[in-house]
Amino acid sequence: EAQVTQNPRYLITVTGKKLTVTCSQNMNHEYMSWYRQDPGLGLRQIYYSMNVEVTDKGDVPEGYKVSRKEKRNFPLILESPSPNQTSLYFCASSLRDRGSEAFFGQGTRLTVV
Amino acid sequence: GDSVTQMEGPVTLSEEAFLTINCTYTATGYPSLFWYVQYPGEGLQLLLKATKADDKGSNKGFEATYRKETTSFHLEKGSVQVSDSAVYFCALRLNRGPDKLIFGTGTRLQVFP
C-alpha cells in the first residue's frame with residue numbers, strides 16, 4: 001500500500017530536549033516536505049527536499065532542521081524545542097512534476113511544555 | 001507574495017443542500033490548484049485538482065474549475081451528505097521558482113441530517 005508513515009503520532013516533551021520526528025514514504029517520490037498546522041493559519045511549510053541531499057527552507061524554518069540522506073526518509077529535527085513549536089505536524093511526498101498531488105502522513109501532535 | 005485565500009468557516013448545511021466553498025489565489029505564472037480534505041484525526045488527502053486554466057477537477061460529486069481570469073478555484077457539490085463533514089483546504093503548487101505547496105487556512109464543513 002502506498003503510504004507516508006510518520007512517527008510518533010503523539011509526543012509530549014519538555015523545553016530544550018532534542019527530538020526527531022521520522023517520516024518515510026514507499027512511493028519512490030523525489031519531493032518530500034514538512035508542514036505545521038495551527039488553528040486559523042492552515043498548513044505552513046517548514047522545509048522541503050527535491051531529492052537526496054537537497055533541502056530548502058519553507059516559510060517557517062526557524063527552530064527546525066531536516067536531512068535527506070535516503071530517498072525514502074525525511075526526518076524533522078527539533079534541536080531545542082520551545083512551547084511555540086507545539087503544533088500538529090505533517091510530512092508529505094510527491095513526484096517532482098509540479099502538477100502532482102502530495103500524499104500526507106497521519107500527522108504528529110507535538111506538545112512542548 | 002504567493003497566497004491562497006478561502007472563506008472562513010464553519011459552513012453549516014443540512015443534508016442534500018448545495019455547497020460552495022470559495023477559494024482565490026495570488027501567484028505568478030500558472031500554478032497547479034488542489035483541494036484537499038481532512039477528516040477528524042487524519043492527514044490530508046487529495047479531493048481534486050486542476051493543472052491549467054479552464055480545467056475542471058471532479059471527484060465524489062465535488063467539482064472545481066480553474067478560472068485564471070478571476071484567479072479562483074471554488075469548490076462545489078450539488079448535494080452534501082453527513083459523511084462530507086470535514087475540513088477542506090485549497091492549495092496551489094507553484095510552477096516556477098521554489099517548489100512550494102501553499103495552503104489556505106481551511107474551511108470546516110458541518111452537515112446535519
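Convention: sequence-line order gives letters A, B, ...; per-chain numbering from 1.
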Has A:Tyr10 got more than 12 heavy atoms of other residues, nucleotides or ligands less than 6.0 Å from its OH? no
Contact part of [X] toward chain B, heavy-atom cut-off under 4.5 Å: side chain, backbone, both or neither?
X: A:Ser100; result: both
X: A:Gln45; result: side chain
X: A:Leu41; result: backbone
X: A:Tyr31; result: side chain
X: A:Gln6; result: neither
X: A:Arg9; result: side chain

Taking the basic N atoms (NZ, or NE/NH1/NH2) and the acidic carboxylate oxygens, is any pair closer than 4.0 Å for B:Lys77 and B:Asp84? yes
Which bit of [X] is near chain A, if near means a heavy-atom gap under 4.5 Å: side chain, backbone, both or neither?
X: B:Gln6; answer: neither
X: B:Pro31; answer: neither
X: B:Leu33; answer: neither
X: B:Thr105; answer: both

Between B:Phe103 and A:Tyr35, what is the ring plane arrangement, given parallel below 30°, perpendicular above 60°, and tilted in between? perpendicular
Evaluate the ring planes of A:Phe104 and A:Phe90, with Trp represented by its six-membered ring, and classify them as parallel (under 30°), tilted (30 to 60°) or perpendicular (over 60°).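 Perpendicular, since the angle between the ring planes exceeds 60°.
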Test item: [X] side-chain N/O and [Y] main-chain N/O as donor-acceptor pair under 3.5 Å:
X: B:Lys49; Y: A:Gly99; result: yes
X: A:Glu101; Y: B:Leu46; result: no
X: A:Thr15; Y: A:Val113; result: yes

Distance to the ring centre below 6.0 angstrom and angle to the axis at most 45 degrees; does that hold for B:Lys68 and B:Tyr30? yes
Ranked by heavy-atom pairs below 4.5 Å to chain A, first place among B:Gly97, B:Gly41, B:Gly106 goes to B:Gly97
Residue, of B:Asn95, B:Leu44, B:Asp99, that accumulates the most heavy atom pairs under 4.5 Å with chain A: B:Asp99
So, applying side chain to side chain donor-acceptor pair (under 3.5 Å) with A:Ser24, which one of A:Thr5, A:Asn73, A:Asn7 is it? A:Asn73
May I ask you to name which of A:Leu88, A:Asp59, A:Asp56 has the most heavy-atom pairs under 4.5 Å with chain B? A:Asp59
